[in-house]
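Keep in mind that this is a model prediction, so the values were computed, not measured.
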Amino acid sequence: MAESARVRFAPSPTGELHLGNVRTALFNWLFARHHNGSFILRIEDTDVARSSEEAERAILEGLRWLGIDWDEGPGKEGSLGPYHQSDRLAIYRSHATRLLDSGLAYHCYCSSERLEEMRREQRRRGRPPRYDRRCRALTDADREGYESEGTEPVIRFMTPRQGETSFRDLLRGEISFANDTLDDFVIMKSDGYPTYHLASVVDDHLMEVSHVLRADDWIPSSPRHVLLYRAFGWDPPHFVHLPLILDKAGGKLSKRQGDVSVADYKQNGYLPEALVNYLALLGWSPGDTQEILSAEDLIDRFTWDRISVSPAVFDLERLNWFNRWYIRHLPVDRMAHAVAPYLREAYGREEQSEDTAYSPAEWLKLLVDNVREEVDSLGQIPAHVAFAFIDELAYTGEAAEAMRAPAAGEVLAAFVDKVRSLEILDIAAANTVLQNLRALLKERRNLGAREVMFPIRAGLTGSVHGPNLAAVIALLGRDRCIRRVTQLQSSFSR
RNA sequence: GCCCCCAUCGUCUAGUGGACUAGGACACCACCCUUUCAAGGUGGCGACGCGGAUUCGAAUUCCGCUGGGGGCACCA
């Protein structure tokens, strides 16, 4: 590819940033970065009723969070802007007029009621729903009549009745459509805004887009776009249609079954690098067995010819695996920073370090470092560390059983003794305590490791599962450990 | 209904006529490790949709079928 790579992501701000859209954005971005080209962000806000600034903000925020940056677009006006289609209406109008003047487009005054009725009838007769081109044959008198009634027309493209229109998809080769399966589609709406077809073709040309990477479901529209390029006398860009992302049920990924918006994943504690890594591998592969790929790796290795053509099912389990990997490998201070908001939300505070051997920051890091291996996402962390924030423990059945063990009382008493004798209870000291306790009780009562560890863990946390026990002890600190166990002992003796 | 796209383990995929008793990853199962859970290690389960054709030889090429998906708006 000798020519420069200019690609774009062109979302319409009508809702959340959808995973499918993100994947499209990601592939475009990787393509641009790999080829040292440009990645353009264009906001397709031509649907006045559905577009909102809030949705646009969410999209920009989502992209930024994922690290997908743009070279031209909102906040980065380049020479080929503006990058909101609503700011380009004059451009579309003049181009529509050009087609009108050259007889390749015409005004259509048909009401939406008539069009709906027409389509209903066509479907009823088992015919494909298509515009019947009635307004192609309007006389000047007809037109004047409509105009005097105040009817605002749309502008339709005059699609050839005969022949076929084909285009080359880089991955699939030649795809052709018989022109009679296309109809005279609308290019300008009656509110003066262009439709997607016109706007995207005009913009892609004017913004000098070299490659259009977009989702599969655009294939049926592509011949219309090719027709428009030709009508304007332009060369179409290269097309690469990306396979759709399907849900578990095999349909197009949509709301209702699970989270589909990036904001949801962000909120639930998925790391951007995990999402990027997972999404990059949905419909693309590096060609070897490497699974963990950083953004740099992806940029380095991304080429369009390794994009697959068959649809891919979104698999949360696999995303979770990537997220777990990145959670485990993130530097601990970054992890602490990322986890803090979740703790604050759940407990109103992000640490509980008073009366421990640690500073607040150290305490948080110790906590995070010891719990990170147990969760799929950051959002699950608060539930795993309740023992460190809440003193009223709810004991699980297993925990109660562990404390009912014959030696449990003796184990806990010995534990409190050891802890009481300490000045500083950090993780090293806690480990020493546990080691000594094991040796002592092995000698005295021939107890195994579990018989020692389980009652202590259960008494301290209310559960027999959880982070490393020495860490638990260090996180609670000397006084809380003693308090929890003695409370337990008094309730037993009652 | 019409048009278009797609088809390898349950899922993501490698594979571009012979190196395929089809490789890797997720999930699942077993074992090991172990201070619980997890992580890690080892092993296991598990796929070329069907039928023709081309070829000495097809997962790989061609045709048909079947199946799945998408599109058919003054939404993108």
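What separates CG of A/L298 from P of B/U13 is a distance of 14 Å, to the nearest Å. Atom NZ of A/K248 and atom C1' of B/C26 are 10 Å apart (whole Å). Separating the CG atom of A/L293 from the C1' atom of B/C12 is a distance of 13 Å, rounded to the nearest angstrom. The separation between A/R8 atom CZ and B/A76 atom P is 14 Å, rounded to whole Å. Between A/L316 atom CG and B/A25 atom P there is a gap of 21 Å when expressed in whole angstrom units. Between the CH2 atom of A/W284 and the P atom of B/C12 there is a distance of 17 Å, rounded to whole Å. If you take CE of A/M188 and C1' of B/C74, they are 12 Å apart, rounded to a whole angstrom.
Between A/R127 and B/C72 there is no side-chain polar atom (N or O) within less than 4.0 angstrom of OP1 or OP2. In this model, the phosphate group of B/C75 is approached by a side-chain N or O of A/K189 to a distance below 4.0 Å at OP1 or OP2. For A/T195 and B/C74, the shortest distance from a side-chain N or O to OP1 or OP2 is not below 4.0 Å.
Base pairing annotation: B/C50 forms a Watson-Crick or G-U wobble pair with B/G64, both donor-acceptor distances under 3.5 Å. Using Watson-Crick or G-U wobble geometry with both donor-acceptor distances under 3.5 Å, B/C75 finds no partner in any strand shown. With a cut-off of 3.5 Å on both Watson-Crick or G-U wobble distances, the partner of B/U36 is given as none. Look at B/A30: its Watson-Crick or wobble partner, with both distances under 3.5 angstrom, is B/U42. Of all nucleotides present, none satisfies the Watson-Crick or G-U wobble test against B/A14 with each distance under 3.5 Å.
Between the side chain of A/R156 and the backbone N or O of A/D184 there is at least one donor-acceptor pair closer than 3.5 Å.
Using a 4.5 Å heavy-atom threshold, the side chains of A/I59 and A/E16 count as separate. A/C108 is not listed as a side-chain neighbour of A/I155, based on a closest heavy-atom distance of 4.5 Å or more. Put simply, the side chain of A/R214 does not reach to within 4.5 Å of the side chain of A/V240, judged on heavy atoms.
Taking the six-membered ring where the residue is Trp, A/Y109 and A/H107 present tilted rings, their angle falling between 30° and 60°. Below 30°, between 30° and 60°, or above 60°: for A/H211 and A/H238 the angle between ring planes is between 30° and 60°, a tilted geometry.
Comparing B/U21 with B/G46, their C1' atoms sit 15 Å apart, to the nearest whole Å. Between B/U60 and B/A14, the two C1' atoms lie 13 Å apart (nearest whole Å).
Going from atom CH2 of A/W284 over to atom CG of A/L30 covers 7.5 Å, rounded to the nearest 0.5 Å. The distance from the CG atom of A/D45 to the CD1 atom of A/I43 is 7.5 Å, given to the nearest 0.5 Å.
Across all strands, A/R224 comes closer than 4.0 Å to no nucleic acid atom at all (heavy-atom distances). At a threshold of 4.0 angstrom between heavy atoms, the contacts of A/S221 include nucleobase atoms, whether or not backbone atoms are also involved. Across all strands, A/V154 comes closer than 4.0 Å to base atoms (heavy-atom distances).
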Between A/R457 and A/E398, does the salt bridge (Lys or Arg N to Asp or Glu O under 4.0 Å) criterion hold? Intermediate values first, please. CA-CA 11 Å; A/R457 175 183 291 284; A/E398 288 174 310; over 6 Å; no

Would A/F27 and A/F302 count as a ring pair (Phe, Tyr, Trp, His ring centres under 6.0 Å) here? Give the steps. CA-CA 8 Å; A/F27 280 24; A/F302 188 86; 5.3 Å; yes

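Both A/L282 and A/V186 lie near RNA chain B, and the one whose nearest nucleotide falls closer to the 5' end is A/L282.
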Acceptor/donor pairs from residues 268-275 of chain A side chains to any protein atom, 3.5 angstrom cut, sequence neighbours excluded:
| from | atom 1 | to | atom 2 | distance (Å) |
| --- | --- | --- | --- | --- |
| A/N268 | ND2 | A/D259 | OD2 | 3.1 |
| A/N268 | ND2 | A/D264 | O | 3.2 |
| A/Y270 | OH | A/N320 | OD1 | 2.6 |
| A/E273 | OE2 | A/R334 | NH2 | 3.2 |

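Near RNA chain B, meaning a heavy atom under 4.0 Å from it, residues 111-125 of chain A has A/L115, A/R119 in order of number.
Counting atom types as modelled, A/S190 pairs a side-chain N or O with a base atom of B/C74 as donor and acceptor under 3.5 Å.
Among the nucleotides B/A73, B/C75, B/C3, the one closest to any side-chain atom of A/R50 is B/C75. Checking B/C75, B/A76, B/U11 against the side-chain heavy atoms of A/D315 singles out B/U11 as nearest. Each of B/G71, B/G24, B/U13 was ranked by its minimum atom distance to the side chain of A/D217; first place goes to B/G71. With B/C2, B/A76, B/U11 as the choices, the nucleotide that has an atom nearest any side-chain atom of A/H197 turns out to be B/A76.
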Collect all protein-nucleotide pairs involving nucleotides 4-8 of chain B in which both atoms are nitrogen or oxygen and the distance is under 3.5 Å.
| from | atom 1 | to | atom 2 | distance (Å) |
| --- | --- | --- | --- | --- |
| B/C5 | O2' | A/R172 | NH1 | 3.0 |

What string of B, S and - do you get for nucleotides 28-45 of chain B, 5' to 3', when a contact is any protein heavy atom under 4.0 Å? -------BBBBSS-----

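Between A/F39 and A/F31, the ring center distance fails the sub-6.0 Å criterion.
Partners of A/Y83 by ring-ring contact (aromatic ring centres under 6.0 Å, His included), not counting sequence neighbours: none found. For A/H197, the ring-ring contact (aromatic ring centres under 6.0 Å, His included) partners are A/F185, A/H225, not counting sequence neighbours.
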